[in-house]
Amino acid sequence: MDLKPLLNKLENYHTEKPNRVFTMYLNTDPADPDQQGGEWRLQLKNGLNNFETYLQEDGDSDEKRNYWAVKEKVQHYINENERNLKKSVIIIATADEDIWFAETLQMPVKTEFFWEEQPQLRQLKELQKSFPKTGIILTQKDQVKYIDAELGTVKDTALYELDLDTEDWRQHQGPHRADSNLGSGGAKTSKKDELAERFEANRARWYKSIAPELDQIAKKHHWERIYLVGPSDEVNDLEQHMNKKVEGKVNKNLLDHEETKVLNEVV
């Protein structure tokens, strides 16, 4: 999902009877004092039923059918994702699926339901402004990792490792290694010491070689903010050779940490 073009489409979207746009902001935050017993389930049920009651009284059978089609899709999405809910759910949908936006987010929202000619975007715009497309680039000697995030949610991630024989950066396949080729902590062998010395001697040149790739990744993912995370010498070398503007730097080794935790700590 790239939210900017979607928002542009939604801002100009308008329907006429019997078609309508369903918009839902649902607070599912388990840390919210008002959600300790999973009250969102009742709020969801009531929110959906209120429109159904109104449409029964209104008597427009075509609009009722459209609403029932959307309601069924919304309930299916919630049932499919109930085990993975975070702090909120946002759904914007039409019966013909010309619009279908559904996301579970780490960001809180105020519960609201709409069935109108246009999607209601105020909360979504506020979230997008606070948490735009973001890239976090983490370094740890011969490893560089990026996290692509939007609306406080991890969308993509990849790890690159330096091949010390060819001096090429390669995207890592399979499980991430617990530590780098150069070692970190513990009893270091003379081989690791030798590799570490070689890395320090060539660090600037090797980071310079991956910087254009990171610029391309930032362009591909439309990052509006970029954060660099790692030892100060490493992130400074990367920043020096990247063309993209860096929003901030965090001098911690977080490369092996779970991505969502990294996102919460950095942004």
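Since the model is a prediction, treat every value here as computed from it, not as a measurement. Counting begins at 1 with the first residue of the sequence.
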Is any side-chain N of the basic residue among E150 and K4 closer than 4.0 Å to the acidic one's carboxylate O? no
Inter-residue atom distance E167.CD - D142.CG, 0.5 Å rounding: 12.5 Å
Drop me the distance from I136's CD1 to L255's CG, to the nearest 0.5 angstrom. 12.0 Å
Just grab all the salt bridge (charged side-chain N to carboxylate O under 4.0 Å, His left out) pairs involving residues 119-130, residues at least two apart or on different chains. E11-K125, E112-R122, R122-E126
Listed partners of N46 passing side-chain hydrogen bond (donor to acceptor under 3.5 Å, both in side chains), at least two apart: none
Enumerate the ring-ring contact (aromatic ring centres under 6.0 Å, His included) contacts for residues 211-251, please, sequence neighbours excluded, ordered by first and then second residue. Y146-H221, Y146-W223, H221-W223
Could you tell me which residues satisfy salt bridge (charged side-chain N to carboxylate O under 4.0 Å, His left out) with E247, sequence neighbours excluded, listed by chain and number? none
Which residues pass the side-chain contact (heavy atoms from CB on, under 4.5 Å) test with Q171, not counting sequence neighbours? A158, Y160, Q173
So, does Y207 use its side chain to make a donor-acceptor pair with the main chain of K141 at under 3.5 Å? yes
Nearest 0.5 Å, what's the CG-CD1 distance between L121 and I90? 10.0 Å
Only counting residues at least two apart or in another chain, list the ones meeting side-chain hydrogen bond (donor to acceptor under 3.5 Å, both in side chains) with D96. T94
For E234, give me all partners under salt bridge (charged side-chain N to carboxylate O under 4.0 Å, His left out), at least two apart in sequence or on another chain. none
With side chain to side chain donor-acceptor pair (under 3.5 Å) as the rule and sequence neighbours excluded, what pairs involving residues 72-89 come up? R41-E82
With a 6.0 Å cut-off (strictly less than), is the heavy-atom count around NZ of K245, excluding the residue itself, greater than 12? no
With sequence neighbours excluded, tell me which residues meet side-chain hydrogen bond (donor to acceptor under 3.5 Å, both in side chains) with R225. none
Hey, is R20 close enough to E116 for a salt bridge, meaning N to O under 4.0 Å? no
Those residues at least two apart in sequence (or on a different chain) that pass side-chain hydrogen bond (donor to acceptor under 3.5 Å, both in side chains) with Q216 are none
Does any pair with a residue in residues 11-42 pass ring-ring contact (aromatic ring centres under 6.0 Å, His included), and if so which ones, sequence neighbours excluded? none
For A149, all residues meeting side-chain contact (heavy atoms from CB on, under 4.5 Å), sequence neighbours excluded: L263
Once you measure the plane-to-plane angle for F199 and W206, does it fall in the parallel (<30°), tilted (30-60°) or perpendicular (>60°) bin? tilted
